[in-house]
Amino acid sequence: MKLLALTKGVPDFSEGAVSFDEDGHLERGDTPTIMNPNDEQALEAALQTKVRHDGTVGLMSMGPPGYKDILREGMESVYADELFLLSDREMAAADTWATAITVATGIEYMEETPDIVFAGFKTADGETGHTGPQTAWALEWPVLTHVINMDVDTDEGIVRAKRLVEGDVSEIETVSAPLPCVVVTDPEFEPVYRKAEHRLLHKDLREETVERAEHFEDHLTVWDHADLNLDPDYIGLTGSPTIVSGVDPIPKAPEERQATVIDPDDEEGMREVVEQVQQFAVGGD
């Protein structure tokens with residue numbers, strides 16, 4: 001099977017890694033970029049499908065040249081046989097619509113059409129969850145969303161999946177779609193390898209991809225808008241219909257914290273401290 005997962009680079013929001021300017025806006029240039037966490041489930045689903053049904057797994061992203069490191073990260077941390085980067089200035093500042101148009105075109109330019117395209121639930125920065133379904137729309141393929149478990153019936157050419165029902169995560173429904181299709185994994189997705197042969201193959205593939213990532217550029221294809229025959233008027237910022245009405249600055253933590261030092265022998269000082277914190281104590285009077 002030909003399998004493809006989509007990913008994006010996002011700011012590393014872990015504690016101490018995010019940098020803001022004086023207005024509380026994110027400083028992307030000073031903040032480390034990592035592979036979007038929700039895309040890991042999409043790549044895990046692609047790897048699970050490869051283990052069960054053989055084939056190849058590709059990983060695709062649209063972004064600046066630095067996203068090569070994001071693709072390498074995905075290859076090394078999960079798995080990928082080949083990498084694709086869609087990158088040039090004309091693609092910059094795209095909203096999800098322009099991104100989906102570009103990504104769908106990249107998919108159509110692949111030497112072999114994927115049987116399944118996997119996408120993560122949403123990105124850690126935009127959190128719209130639009131790109132996967134919009135890519136399916138652009139390709140005119142069916143889409144399965146919130147998938148937590150799946151397998152492929154290769155004889156019938158369909159994907160059968162279990163998905164969380166929107167609005168009620170306690171309810172699960174079984175759905176199916178013909179190939180080719182787009183599968184959007186839910187954060188609750190966990191790969192399952194019940195057969196011993198699958199667990200052994202998974203182990204071997206993981207060892208292979210770690211070695212492959214050391215020379216990841218040998219497995220990387222880079223396309224710009226000219227390679228994909230894309231009109232600059234329909235991609236990037238120019239091709240993005242989204243209008244942002246406003247942005248609320250992220251509150252900044254105080255740069256300096258003030259502390260009052262009280263000697264434990266200072267009865268009056270300690271009494272004041274107890275009175276101030278007592279109201280927050282459980283069961284305090």
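What you are looking at is a predicted structure, and each value in this text was computed from that prediction instead of being measured. Heads up: numbering here begins at 1 and tracks the sequence.
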Please examine the side chains of [Y] and [X], heavy atoms only from C-beta on, and report whether any two atoms are closer than 4.5 Å.
X    : Y    : result
E188 : F121 : no
H215 : D218 : yes
R212 : L83  : no
V222 : K68  : yes
L4   : L59  : no
T131 : K8   : no
P142 : P178 : yes
T102 : T99  : no

Minimum heavy-atom separation for [X] and [Y], please, with both atom names.
X    : Y    : result
P232 : E90  : CB-OE1, 3.4 Å
S240 : A94  : OG-CA, 3.4 Å
P11  : I34  : O-CG1, 4.3 Å
M62  : M91  : CE-O, 3.7 Å
I158 : L179 : N-CG, 4.2 Å
G269 : I262 : O-CD1, 3.8 Å

Ion pair present between [X] and [Y], side-chain N to carboxylate O less than 4.0 angstrom?
X    : Y    : result
K162 : E173 : no
E275 : R271 : no
R160 : D153 : yes
R89  : D224 : no

Which value, rounded to the nearest 0.5 Å, describes the distance between [X] atom [atom1] and [Y] atom [atom2]?
X    : Y    : atom1 : atom2 : result
D204 : T209 : CG    : OG1   : 12.5 Å
L220 : L71  : CG    : CG    : 6.5 Å
K2   : D81  : NZ    : CG    : 8.0 Å
I235 : D95  : CD1   : CG    : 12.0 Å
T154 : H53  : OG1   : NE2   : 6.0 Å
L144 : D186 : CG    : CG    : 13.0 Å

For [Y], is there any backbone N or O sitting under 3.5 Å from a side-chain donor or acceptor partner on [X]?
X    : Y    : answer
E82  : H219 : no
D233 : G239 : no
R163 : I172 : no
Y67  : G9   : yes
N38  : K122 : yes
S87  : G63  : yes
K50  : G55  : yes

Hey, quick one: are [X] and [Y] part of the same hydrophobic cluster, counting side-chain heavy atoms closer than 4.5 Å, chains of contacts allowed?
X    : Y    : value
M1   : Y79  : yes
I70  : L43  : yes
V147 : V143 : no
W141 : L3   : no
F118 : L47  : yes

Please determine which of [options] meets the side-chain contact (heavy atoms from CB on, under 4.5 Å) test together with [X].
X    : options                : result
M60  : T7, T221, I107         : I107
W223 : T105, L85, L228, L230  : L228
T145 : V183, V182, L164, V184 : V184

Is it the case that atom [atom1] in [X] sees more than 12 heavy atoms from other parts of the structure closer than 6.0 Å?
X    : atom1 : answer
E108 : CD    : yes
Y109 : OH    : yes
E207 : CD    : yes

Of all residues at least two apart in sequence or in a different chain, which pass the salt bridge (charged side-chain N to carboxylate O under 4.0 Å, His left out) check with D115?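 Testing D115 for salt bridge (charged side-chain N to carboxylate O under 4.0 Å, His left out), a comparison that skips the adjacent residues, returns none.
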
Who else is in the cluster with W97 when I, L, V, M, F, W and Y are joined by side-chain contacts under 4.5 Å?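 I101, W137, which link up through side-chain heavy atoms under 4.5 Å apart, make up the rest of the cluster.
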
Full working for side-chain contact (heavy atoms from CB on, under 4.5 Å) between Q48 and D151: CA-CA 9 Å; Q48 173 187 275; D151 201 6; 5.8 Å; no

I need the full list of ring pair (Phe, Tyr, Trp, His ring centres under 6.0 Å) pairs touching residues 184-214, with sequence neighbours left out, sorted by first then second residue.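 Pairs touching residues 184-214 that pass the test: Y193-H202.
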
Working for side-chain contact (heavy atoms from CB on, under 4.5 Å), residues D39 and L6: CA-CA 7 Å; D39 297 339; L6 306 180; over 6 Å; no

